[in-house]
Enquirer: 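Quick one: the structure is below, questions incoming.
These figures come from a predicted structure and were not determined experimentally. Quick note: numbers below take in every heavy atom, side chains included, and nothing from hydrogens, waters or symmetry partners. This chain uses plain numbering: 1 for the first residue, then up along the sequence.
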Amino acid sequence: MARLFLRGLALVSLIAWLSMGSQILLLVGSHGLLPIAPLLDEARRQHVAMRTAPTLFWWSASDTMLIGACALGAASALYGLLYASRVWLIVSLPLYLSVCIAAQDFCGFQWDLLLLETSFVALFLDPQRPTLAALWMPRLLLVKLYVESGIAKAQSPIGDWFSGSAMVSYFETAPLPMPLARWLHALPLGVLHWMAWLTLFIELVVPLCVFGSRPLRRFAFIVLTGFQLMNVVTANYGFFVPLTLLLHLFLLDDDALPSWLGRADAEPPSRRARITSTIALAVWGSLSLVEGLLTFTAIEWAPLLALHDVYAPLRVVNAYHLFGAVTTERIEPTFFVRVGQTWTELALHDKPGPVERSLPIVQPHQPRVDFQLWFNGLRAGDRLPRYVVNLEDALCSEPSRVASLFTTAPPEHADAIQIRYARYHFTSPKEKVLWTRAWIHSRPEHLCGDDVEETTRR
C-alpha cells in the first residue's frame, strides 16, 4: 500500500510541477502578472524573515531560477514515480513550498495545501516497512480533509447546505464547470436538495469509518471514491481529485491489492522508525487539532495564536473548508480591447466567454489565471487586484506577454482596455447554446498610455 501510494503521489506531484512550470513565468516571472523579485526586495526592506516566508527564491528570483525549480521538482517526482522511494520528497516538498509562496495569489488553493501536507506525511512512510503511526497519518489526513470540509458547510453563514439549496447553484457557479454540470443543474429541485444533504452525510459521517471494521472501511472507500468521481466529471479542480483518491487507499488493507501493487514487506520496521513516526504523528496531529480549533471555533487564546504563527508559514498543517458556502450567481469578468472605435472581446481559453462555446476539460492541469478570475467576478465592484491591473497594462504595452491566455491574439496597438461583467446562466440541455449572458457592470476604460496609479484607484 505504501509503495503504491508513494508512486501515486509522485505522479500527482509530477502533474502539479508540469502544470505550474508551464505558467510560472506568466504568473510571477520578471515580466509576469505578479513578479516575485520586486516583492522580495520590498520584503527585505521591511525586514521580513525567511521563517515568515520560507522560499528558496530569497537567494535568486530570476526567471532561470523559477524555471529551474519547476524542472528540478518535476525531475524529483519522476524519480519517485520510477523508484517508489521517499528521497524525492526531500527535494519536491521545499521546492513546492517555495513556488507556492512565490506564486502569491495564484497558489492559494486548497489542493496546493493538500499536496504540501500529503507530501509531509508521506516523508514518514517507509515503502518497505511502514510503521503503524506512519500509516495512520494519511488516514487522519483523509478524515481531516472531509470532516473539516463538512464542518465548513455546516457553518455556512447562509445555511445553504442544511436547506439543500447549495446544489441548486453549485453546478452552474463552479469556477470551471465540466460538460456534465449543465445536465446535473437541470435536475429537479428535490433531487438537488437531496444531493446537498447527501454531501453533508458523506463528508461528516462516512470518513469516520476509517476507525471501524474492514467492511465499514470498504464501504467508505466505495462511497468516497464515487463522491470524488462525481467531482471529477462535473468541474475542473486541477489535481485535487487524484490526490484525494490516493488517500482513499488507506481505507483498504494490503491484502486488498495484488502483491505487485504494493503490499508491505513482512520484515517489521526498526525501533528508530517507530519512535520517529510516533513523534511525528503526535506533533502533526496536535497541531492539526490546534489549526482546526482556530479555524472552526471562536477560540482566540494567545498561546495557540502564537503557536500558529510558528508552523503556519510551512503550510504542512492546514485546515480544509471546500465550498463552505456556494455562490448563487455566476458573474464573469471579460476583457474587451478597443482599436479606434471598435471594441473586440478577448475570450480566455477556459472561461465561459461567448455563450456558444463548449465547456472546457483541462484537469489535471490548472489554468491559474482563468481560475483566479472567477474570484474577481465575485467582487465585481471592488478595487481590481494587482494582477488584473498588470494584465491590463500588458494588453496595452506588450500584448505578446499575455497572448497565451486568450483564444485570439490581442492587437499589437490597443487604444483602451475595458473589463465588463456578465451574469451567466445555463440554458436547457436541449438547446445548442450553453449559456445566457447578461451584461451587468463595466469598469472605466483603461486608456493605454495612462499612468498606472490612476488605473489602480478604480
Enquirer: Under the criterion side-chain hydrogen bond (donor to acceptor under 3.5 Å, both in side chains), which of E332, R437, R330 is the partner of Y424?
Expert: R437
Enquirer: Side-chain contact, heavy-atom cut-off 4.5 Å: L384 with I419?
Expert: yes
Enquirer: Report yes or no: does D370 contribute a side-chain atom to a donor-acceptor pair with the main-chain N or O of D350 at less than 3.5 Å?
Expert: yes
Enquirer: When you look at CE of M230, are more than 12 heavy atoms from neighbouring residues, nucleotides or ligands closer to it than 6.0 Å?
Expert: no
Enquirer: Taking atom CZ of F323 as the centre, does the number of heavy atoms from other residues, nucleotides or ligands within less than 6.0 Å exceed 12?
Expert: yes
Enquirer: Check whether the side chains of W17 and S76 place a donor and an acceptor atom closer than 3.5 Å, and report yes or no.
Expert: no
Enquirer: For residues H425 and T436, is any side-chain donor paired with an opposing acceptor at under 3.5 Å?
Expert: no
Enquirer: Going by ring-ring contact (aromatic ring centres under 6.0 Å, His included), W136 matches just one of F211, W284, F124. Which one?
Expert: F211
Enquirer: Can you confirm whether more than 12 heavy atoms, excluding those of E356, are under 6.0 Å from its CD atom?
Expert: yes
Enquirer: Does the side chain of Y311 pick up a donor-acceptor pair with the side chain of E291 at under 3.5 Å?
Expert: yes
Enquirer: Would you find a donor on one side and an acceptor on the other, under 3.5 Å apart, between the side chain of W374 and the backbone of T173?
Expert: yes
Enquirer: Should the ring pair Y79 and Y83 be called parallel, tilted or perpendicular, given that the plane angle runs from 0 to 90° and is split at 30 and 60?
Expert: tilted
Enquirer: Under 4.5 Å between any side-chain heavy atoms of I151 and T295, yes or no?
Expert: no
Enquirer: Mark yes or no: R368 above the aromatic ring of F106, with NZ or CZ under 6.0 Å from the six-membered ring centre and no more than 45 degrees from the axis.
Expert: no
Enquirer: Does K144 come within less than 4.0 Å of E117, counting only side-chain N to carboxylate O?
Expert: yes
Enquirer: Without swapping roles, check the side chain of E148 against the backbone of Y320 for a donor-acceptor pair under 3.5 Å.
Expert: yes
Enquirer: For Q418 and R443, indicate whether the former's side chain and the latter's backbone hold a donor-acceptor pair under 3.5 Å.
Expert: yes
Enquirer: Using a strict cut-off of less than 4.0 Å between a Lys/Arg side-chain nitrogen and an Asp/Glu carboxylate oxygen, indicate whether R357 and E345 qualify as a salt bridge.
Expert: no
Enquirer: Is there a donor-acceptor contact under 3.5 Å from the side chain of Q110 to the main chain of H321?
Expert: yes
Enquirer: Determine whether W88 and L81 make a side-chain contact, defined as any pair of heavy atoms from C-beta on separated by less than 4.5 Å.
Expert: no
Enquirer: Check for a donor-acceptor pair, side chain of H446 on one end and backbone N or O of V389 on the other, with a separation under 3.5 Å.
Expert: no
Enquirer: Could you check whether any side-chain heavy atom of Q366 comes within less than 4.5 Å of a side-chain heavy atom of L176, counting everything from C-beta outward?
Expert: no
Enquirer: Assess the pair Y421 and H441: is the distance between their ring centroids shorter than 6.0 Å?
Expert: yes
Enquirer: Would you mind checking if R386 and D105 are paired as a salt bridge, meaning a charged N to carboxylate O distance below 4.0 Å?
Expert: no
Enquirer: Quick check against the 3.5 Å criterion: does R86 have a side-chain atom that pairs as donor or acceptor with the backbone of L123?
Expert: yes
Enquirer: So, D160 side chain and A166 main chain: donor-acceptor pair closer than 3.5 Å or not?
Expert: no
Enquirer: Any sub-3.5 Å donor-acceptor pair from T118's side-chain atoms to L115's backbone N or O?
Expert: no
Enquirer: Side chains of V369 and L27, heavy atoms from C-beta outward: is any pair under 4.5 Å?
Expert: yes
Enquirer: Take a 6.0 Å sphere around CH2 of W301 and say whether it holds more than 12 heavy atoms from other residues, nucleotides or ligands.
Expert: no
Enquirer: Side chains of L208 and V147, heavy atoms from C-beta outward: is any pair under 4.5 Å?
Expert: yes
Enquirer: Donor-acceptor pair, distance only, cut-off 3.5 Å: does the side chain of T55 make one with the backbone of S98?
Expert: yes
Enquirer: Return the orientation label for the W111 and F109 ring planes: parallel under 30°, perpendicular over 60°, tilted otherwise.
Expert: parallel
